[in-house]
Number of protein chains: 2
Amino acid sequence: MQYHLGMADTQPLVAALDQAGYRLTETRRAVAELIAEREGHFTAADLVGEARDRRLGIGRATIFRALDLFADLNVLERLDLPTGEHAYVPCEPAHHHHVVCSRCGRTTEAQDHGLQVVVDDIARRTGFAIETHRLELYGICPACRATPAR
Amino acid sequence: MQYHLGMADTQPLVAALDQAGYRLTETRRAVAELIAEREGHFTAADLVGEARDRRLGIGRATIFRALDLFADLNVLERLDLPTGEHAYVPCEPAHHHHVVCSRCGRTTEAQDHGLQVVVDDIARRTGFAIETHRLELYGICPACRATPAR
DNA sequence: GCCTGTACCGAGACTGGATCTCAGCAAAAG
DNA sequence: CTTTTGCTGAGATCCAGTCTCGGTACAGGC
């Protein structure tokens with residue numbers, strides 16, 4: 001079975017599967033392709049629709065399973081957009097945060113220099129033992145800033 | 001129609017409706033009561049169940065509408081828990097962040113002293129014009145820390 | 001190259017949260 | 001009191017995500 005897809009870089013996704021000992025199936029490569037072709041964030045429904053349009057014959061459940069898997073391997077992160085939608089973004093496995101363009105939806109990763117101080121401060125003030133945190137930023141990306149608002 | 005509920009403080013919720021020019025209906029007061037009685041976060045399903053148990057005769061849709069309304073008025077915030085659940089927390093209208101206890105679910109508000117510096121730094125590095133941000137912290141609250149892990 | 005155990009897959013039923021529709025009702029204004 | 005308009009309940013509907021299960025194909029051993 002061959003899917004004849006494009007050339008987008010699936011390497012990080014596929015490599016993560018391999019390293020973690022998961023099977024490198026054609027289906028998973030195809031899902032990796034669909035993900036790699038995307039710019040910005042996407043929803044599970046986007047991928048399901050795309051797979052259906054291209055007659056790839058990939059089941060709905062399989063796409064959700066692949067997304068969960070990539071998320072577990074930290075090469076994909078699940079975002080909760082302000083609208084309430086759930087979206088996914090491919091990313092590096094290291095701890096970081098996302099900056100989301102509220103116009104075009106593209107995302108960038110950001111290091112949280114100095115955030116630890118803020119977290120520690122909040123821990124001290126509230127008495128909580130902070131285990132994890134999540135910072136999401138929304139704004140207009142450089143490309144969209146360069147073009148007049150549509 | 002009277003609902004005969006308790007004495008929890010619904011004032012901030014009701015006042016927000018009034019100020020924004022919405023009608024102060026018995027139903028909305030009742031939903032405000034249900035919210036005010038809660039500790040920590042709660043889900044829409046919690047309120048729907050509570051209303052049904054008490055035979056308040058409030059429809060499912062009405063509860064969702066009220067939640068949306070309060071959220072728009074910034075007296076209620078919708079949280080996306082790490083589990084994927086959607087929860088609500090009553091809060092002050094001012095900008096702030098939430099600290100959620102991952103054991104008992106209680107929440108506290110926190111000021112983001114120093115966070116603006118981090119946000120500005122990320123804006124400079126990424127070139128984004130940051131409009132809003134959301135910081136959520138998860139940890140163990142003082143009360144839960146005081147009791148041995150169950 | 002072939003066999004075998006097991007991970008993986010597709011299809012479709014199922015679940016549960018959230019939304020929509022619409023006729024009836026009730027709050028605020030005159 | 002009457003009118004206007006916003007609000008409400010019931011239930012249909014929608015849709016994301018999960019589960020089940022029979023069948024498939026990968027990887028490792030021979």
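The figures that follow rest on heavy atoms only: side chains count, while hydrogens, waters and symmetry mates do not. Sequence lines set the chain letters: A, B, ... in the order given, protein chains first and strands last, and positions in each chain run from 1.
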Novice: So if you build clusters from Ile, Leu, Val, Met, Phe, Trp, Tyr with side-chain heavy-atom gaps below 4.5 Å, do Val14(A) and Leu73(A) land together?
Specialist: yes

Novice: Where do N or O atoms of nucleotides 28-30 of chain C meet protein N or O atoms at under 3.5 Å, pair by pair?
Specialist:
from: dA28(C); atom 1: OP1; to: Leu24(B); atom 2: N; distance (Å): 3.3

Novice: For a quick test of reading the model: is some side-chain N or O of His86(B) closer than 4.0 Å to OP1 or OP2 of dA18(C)?
Specialist: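 So the side chain of His86(B) is within the cut-off, an N or O lying under 4.0 Å from OP1 or OP2 of dA18(C).
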
Novice: Sort and list the pairs that fulfil salt bridge (charged side-chain N to carboxylate O under 4.0 Å, His left out) and have at least one residue in residues 69-96 of chain A, not counting sequence neighbours.
Specialist: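 Qualifying pairs: Asp80(A)-Arg134(A).
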
Novice: Check the surroundings of atom CZ in Arg60(B): do more than 12 heavy atoms from other residues, nucleotides or ligands lie under 6.0 Å from it?
Specialist: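 Not buried by this count: 12 neighbours or fewer within 6.0 Å.
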
Novice: If I compare all heavy atoms of Leu69(B) with all of Tyr22(B), which pair ends up nearest, and what's the gap?
Specialist: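 So the two residues come closest at CD1-CZ, 3.5 Å.
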
Novice: Which heavy atom in Thr126(B) sits nearest to a heavy atom in Glu109(A), and how many Å separate them?
Specialist: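 The answer is CG2-O, 4.5 Å.
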
Novice: Could you check which residues of residues 59-77 of chain B get a heavy atom under 4.0 Å from DNA chain C? Sort them by number, please.
Specialist: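 Those residues are Arg60(B), Ala61(B), Phe64(B), Arg65(B).
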
Novice: If you draw a 6.0 Å radius around OH in Tyr138(B), do more than 12 non-hydrogen atoms from other residues or ligands fall strictly inside?
Specialist: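 Enclosed.
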
Novice: Remember a base hit wins even if backbone is also touched, and classify Arg78(A) as base, sugar-phosphate or nothing at under 4.0 Å, heavy atoms.
Specialist: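 Contact class for Arg78(A): sugar-phosphate only.
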
Novice: Taking all atoms of both residues into account, what is the closest heavy-atom pair of Leu13(A) and Phe70(A), and its distance?
Specialist: O-CE2, 3.6 Å

Novice: Measure from CZ on Arg29(A) to P on dC9(C) and round the result to the nearest Å.
Specialist: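 Result: 12 Å.
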
Novice: Crowded around Glu131(B) CD? As in, over 12 foreign heavy atoms under 6.0 Å?
Specialist: yes

Novice: Which nucleotide, dC8(C), dC7(D), dA18(C), lies nearest any side-chain atom of Arg28(B)?
Specialist: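 Closest nucleotide among those given: dC7(D).
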
